[in-house]
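First the structure, in the form of structure tokens, and then the observations on it.
Per chain, numbering begins at 1; letters A, B, ... match sequence-line order.
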2 protein chains.
Amino acid sequence: MAKAKRVLKWQRDPEGMRLRILEAAKAEFATHGLAGARVDSIAKKAGANKRMLYYHVGNKEDLYLEVLEGAYEKIRAEERGLDLEHLEPPEAIARLIDFTWNYFIRNPEFLALLNTENLAKARHLKRSTKVKSMHSPFVEMIRTVVTRGVKSGDFRAAVDPVQLYISIAALAFFYLSNSATLSVIFGRDLLSKDARDERLEHMIALVLAALTGKSIAAFGKSKAPKLQVTAQQAV
Amino acid sequence: MAKAKRVLKWQRDPEGMRLRILEAAKAEFATHGLAGARVDSIAKKAGANKRMLYYHVGNKEDLYLEVLEGAYEKIRAEERGLDLEHLEPPEAIARLIDFTWNYFIRNPEFLALLNTENLAKARHLKRSTKVKSMHSPFVEMIRTVVTRGVKSGDFRAAVDPVQLYISIAALAFFYLSNSATLSVIFGRDLLSKDARDERLEHMIALVLAALTGKSIAAFGKSKAPKLQVTAQQAV
DNA sequence: CCGGAAATTAACCCGTTGGATAAATACTGT
DNA sequence: ACAGTATTTATCCAACGGGTTAATTTCCGG
């Protein structure tokens, strides 16, 4: 009877199963893209059966969309916890950059998912009702910081918050998302601790120098590490 | 005899065929990624037969690598024609940004290919002998511009040319590569003529303001359109 | 304790896809 | 001309992969 009885049958756990499926799917889609992802592989990783995916979520594309929406929800949630209102404008921008950078580092699948979705020309995102509704009041948050900075004299000129946000995301996103090819091209490991610190410093220096007019050298060394926004995990 | 004789048999054209295959492959890989690309589809688009791909290039991955190498060669070639040496440092940087931006716009497949390769963790690029040897003397070109700018007093502080190059590429790359999702999120068409002009202006303003210390507003409106670097096609 | 719904498994279906084989056709040098 | 090679076409196939069907097991309300 020792081995004979198999593994105590199985237990029911719909919610848990659903989560495990989505988690496994996120990993799979992130590493292989939409077309490269294998449904069977997701099932196995989730400790499930292929049929379960269809039972709990839907077909491959539904699954993918759900994963994508989840990813957006997660970052937006963390962003909301940033509250830049109570910081001096330059500090606020620095914190935003720091957060964005570290979020991307902590969640590499997010980068991959976005790239995958853009390869698909945002085909899935377009048909998503959820995501469209959550276009963050984040832009407003940034707009406030910028105008506040201009008034206080910290910033020299107003900047379109959308442009600024995209630029900040760009500086971090591109570096991390393309670190593999860039590392080969430039022959240096761009993901080493030192390289990452240097990059964060550079980004903050670049943006703040542009906004404040102070020398790009004024934002060196000390700044970045100090304000480490690790932001409470929002899940 | 009018229709009977078919289409005059066929003509031999190895080089032409090879080019058509690579061109078709570039388009296919760019739109569907590596896993999503279909060999048959490439063949059809090239006006060829699947067997031809294997005959002239090799299997799917070989084909992909060749396309990727070609893409790198092309941009490096155009970059070489930029000669920033004869420009005032700020002009040189502006021109570099302008060129990068317009190159990306003219060659959207390049962006997609890079993303695809990064999804694959640069697996193919690593085993490429060609690409590694051509890591542009481009970095040196930029380094020269920067140090020249510092000496002349145009720039306030020296910046690591690699960081600067990555940042410039980032500002353009991310915006264009992610325009699909960003457009959905922000609810505006980021690829309209106006939006593109605005973006170019913003990028130049941001980088030059950071480097020179002049107000971010000083680089408005007029600058960008004037120096249109369309760069002679290098193929 | 039992009947039925919910959850899970095992097995199969069938179009697709990368790749291979073999035969046909054009071209080249001699 | 003609042999030999380079190029191209026409089929074929085994594996894969998404999706489905049907049977099995757990659980919950009455």
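Using a 4.0 Å heavy-atom criterion, one finds that Ala43(A) contacts no nucleic acid atom at all. No contact: Ala35(B) has no heavy atom under 4.0 Å from any strand.
In this structure, CG of Asp40(A) is placed 9 Å from C1' of dC16(D), rounded to the nearest angstrom. Across the protein-nucleic acid pair, Lys44(A) atom NZ and dG18(D) atom C1' stand 16 Å apart, rounded to whole Å. Between the P atom of dA15(D) and the CG atom of Asn59(B) lies a distance of 18 Å, rounded to the nearest Å. Atom OH of Tyr54(B) is separated from atom P of dA10(D) by 18 Å (rounded to the nearest Å). We find that CG of Leu53(A) is positioned 13 Å from C1' of dG17(D), with the value rounded to whole Å.
Residues passing the ring pair (Phe, Tyr, Trp, His ring centres under 6.0 Å) test with Tyr64(B) are Phe29(B), His124(B), sequence neighbours excluded. For Tyr72(B), the ring pair (Phe, Tyr, Trp, His ring centres under 6.0 Å) partners are Phe110(B), not counting sequence neighbours. For Arg123(A), there are no side-chain hydrogen bond (donor to acceptor under 3.5 Å, both in side chains) partners at least two apart in sequence or on another chain. Shown here are the side-chain hydrogen bond (donor to acceptor under 3.5 Å, both in side chains) partners of Asn49(B), two or more places apart in sequence or in another chain: there are none. For Arg51(B), the side-chain hydrogen bond (donor to acceptor under 3.5 Å, both in side chains) criterion is met by no residue, not counting sequence neighbours.
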Footprint string (nucleotides 1-16 of chain C, 5' to 3'): B base within contact, S backbone only, - free, heavy atoms under 4.0 Å: ----BBBBBB------

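Nearest heavy-atom pair across Val159(A) and His202(B) is CG1-CE1, 3.7 Å.
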